[in-house]
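Shown next, in structure tokens, is the structure this report addresses.
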Amino acid sequence: MVATTMPAPGPVTAPVPGPGILDIAPYIGGESKAAGIARPIRLASNESALGPSPKAVAAYRALADNIFRYPEGSAAELREALGRYHGLDPARIVCGSGSDELIGLLLRCYAGPGTEVLYSAHGFLMYPIGAKSVGATPVAVPERDLTHDVDGFLARVNERTRIVFIANPNNPTGTYLPADEVARLHAGLPPHVLLAIDAAYAEFVNRNDYESGIGLVNRADNVVMLRTFSKIYALAGLRLGWAYCPPGVADVLNRVRGPFNVTAPALAAGLAAIDDVAALAQARAHNERWLAWFSDRLTALGLKPTPSVGNFVLPQFPDDPRKNADAAFAFLHARGILTRKMAGYGLPQHLRITIGTGEEMETVAAAIAEFLAAA
Ligand SMILES: Cc1ncc(COP(=O)(O)O)c(C=O)c1O
């Protein structure tokens, strides 16, 4: 006989997401359009100034007739090329759809409800967003002079801590931790805590005391280094990143990643990009020249940029409402110059400005000078 009574409907009338999901403020990327301006100057997303290697573009195009095929799921050729180039064991490399995917995978595998994930207060937003998305608690560690504070991190580690994320150099501040400070941070972590060193901007750094994290991964079982093709290699649209891991972590990530998580065009372009060492050297030299030039211009204008070693700068604008960061953003925007507001990163007095072409940097420097003079 059919039951005549149905279970009383509970108070829940719609699907309910997991813990933490509704606490997430969605990530807002940099703007790419300015009304009425055909070709805005795009300095809002830390993309490369010079664009990709022509060899990478040719490899991408050459794949057009084959996009009905699945990619090679283990990214073997690319991992081997990365291994040769950086002197690494390819078996310990895991590729992802941008390093964003790898950040998410690390969190999915090693964090969860009841655990904590540490990151710098003015650090990359995907760390707290990703932590919340797996129900973990993100813990923001205050910085010292807009630089990661090793002692601050160590003071906040406890038995619930699972991952410590540092971007080195850091986005959006542009500052970095020297290798001995990263080693000190690692030395203070218990073995159950994973140190994830996100070296998205490593290739831009020109400092003798900097190390991307490879040395530490080689000698510890709880350190991962993340890299990307989105920045100096200028392949952001293709979504390609990689992690260099202890064998155990590589094994874990390979269990959970999608079987075809990196597209065939990304694999082909990435492979060609690694080979084009001349394009890399050119991009590095360009950044070195214009980062110094633009930082000097901002300093001369009284805007106190942080000492950035990445491909972006973070000038601080005055408090005066006619001269503050919001007014500067609007002034530049109206002239088709797109920069990044930093209130979402807890830095409402700053704008982040990516290093573009020489002409773009001269244009934005002149526009900022005009803005300050008019105000
Ligand atoms: C520190 C940091 N990590 C990771 C990423 C994301 O890189 P990808 O494009 O490889 O996902 C960015 C992009 O801005 C970044 O600044």
Side-chain angles (χ1 to χ4, degrees), residues 27-32 42-49 52 56 75 78 82 93-107 117-131 133 138 143 146-148 163-177 182 195-205 210 212-213 224-244 253 257-258 261-263 265-267 269-270 273-274 287 306 308-314 338-342 344-345 347 352-355:
Y27 183 88
I28 300 173
E31 286 182 289
S32 58
R42 294 175 56 173
L43 306 175
S45 296
N46 294 348
E47 293 153 344
S48 157
L78 180 66
L82 286 167
I93 296 174
V94 179
C95 295
S97 172
S99 40
D100 280 348
E101 185 195 18
L102 296 161
I103 293 167
L105 287 178
L106 286 173
L107 286 157
V117 172
L118 307 191
Y119 70 106
S120 264
H122 304 116
F124 187 43
L125 281 177
M126 288 314 294
Y127 312 144
I129 288 178
S133 77
E143 283 150 14
L146 293 179
T147 306
H148 301 307
I163 309 184
V164 169
F165 277 102
I166 57 162
N168 201 30
N170 189 43
N171 172 23
T173 60
T175 57
Y176 76 105
L177 278 189
V182 180
L195 174 61
I197 303 172
D198 181 347
Y201 301 93
E203 296 87 351
F204 292 111
V205 185
Y210 174 79
S212 62
V224 171
M225 175 192 67
L226 301 175
R227 300 288 282 263
T228 181
F229 281 81
S230 297
K231 303 303 175 184
I232 206 157
Y233 286 108
L235 297 176
L238 286 181
R239 315 302 302 126
L240 181 59
W242 55 283
Y244 179 50
L253 295 181
R257 70 175 176 82
N261 61 330
V262 179
T263 67
L267 291 173
I274 297 170
N287 194 66
T306 53
S308 174
V309 295
N311 69 334
F312 52 92
V313 284
L314 188 76
L338 306 179
T339 63
R340 191 73 159 262
K341 281 193 185 187
M342 287 284 108
Y345 281 87
L347 295 164
R352 195 192 65 195
I353 305 176
T354 305
I355 300 301

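In this text the structure is predicted, and so the values were computed from the model without any measurement. One-based numbering, in listed order, for ligands and for the atoms of each.
- Using a 4.0 Å cut-off to heavy atoms of Ala200, the atoms of ligand 1 that qualify are 2 (C), 3 (N).
- Heavy atoms of Lys231 found under 4.0 angstrom from ligand 1 belong exclusively to the side chain.
- Below 4.0 Å from some heavy atom of Asn171 lie the following atoms of ligand 1, by number and element: 1 (C), 14 (O), 15 (C), 16 (O).
- For ligand 1, the atoms lying closer than 4.0 Å to a non-hydrogen atom of Thr228 are 7 (O), 8 (P), 9 (O), 10 (O).
- Considering backbone and side-chain N/O of Ser230, one or more are found under 3.5 Å from N/O of ligand 1.
- Under a 4.0 Å heavy-atom criterion, Phe229 is not in contact with ligand 1.
- Nearest heavy-atom pair across Tyr210 and Ala202 is OH-CB, 3.4 Å.
- Distances below 4.0 Å separate heavy atoms of Arg239 from the following atoms of ligand 1: 8 (P), 9 (O), 11 (O).
- Looking at every heavy atom in both residues, Gly130 comes nearest to Leu107 through C-CD1, 3.3 Å.
- Proximity to Ala167 (heavy-atom distance under 4.0 Å) selects the following atoms of ligand 1: 1 (C).
- Protein heavy atom closest to atom 1 (C) of ligand 1, with residue, atom name and distance, is Asp198 OD2, 3.5 Å.
- Proximity of a side-chain donor or acceptor of Ser308 to a complementary backbone N or O of Gly310 within less than 3.5 Å is detected.
- Closest to atom 7 (O) of ligand 1, if we only count protein heavy atoms, is Ser99 OG, 3.1 Å.
- The salt bridge (charged side-chain N to carboxylate O under 4.0 Å, His left out) check on Glu203 picks up Arg227, with sequence neighbours excluded.
- Residue Ser45 places no N or O, backbone or side chain, under 3.5 Å from any N or O of ligand 1.
- Phe124 CZ, 3.4 Å is the protein heavy atom nearest to atom 12 (C) of ligand 1.
- Numbered from 1 in the order shown, with element, the atoms of ligand 1 that lie under 4.0 Å from a heavy atom of Asp100 read 6 (C), 11 (O).
- Taking only nitrogen or oxygen atoms, main chain and side chain alike, Tyr127 does not reach within less than 3.5 Å of ligand 1.
- When atom types are taken as modelled, the side chain of Asn168 and the backbone of Ile197 share no donor-acceptor pair closer than 3.5 angstrom.
- Side-chain atoms of Asn311 do not come within 3.5 Å of backbone N or O of Ser48 as any donor-acceptor pair.
- When atom types are taken as modelled, the side chain of Thr306 and the backbone of Thr173 share a donor-acceptor pair closer than 3.5 angstrom.
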>> Applying side-chain hydrogen bond (donor to acceptor under 3.5 Å, both in side chains) to Arg340 and Asn46, what does each step give before you reach the verdict?
In response: CA-CA 10 Å; Arg340 191 73 159 262; Asn46 294 348; over 6 Å; no

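- Residues passing the ring-ring contact (aromatic ring centres under 6.0 Å, His included) test with Phe124 are Tyr127, sequence neighbours excluded.
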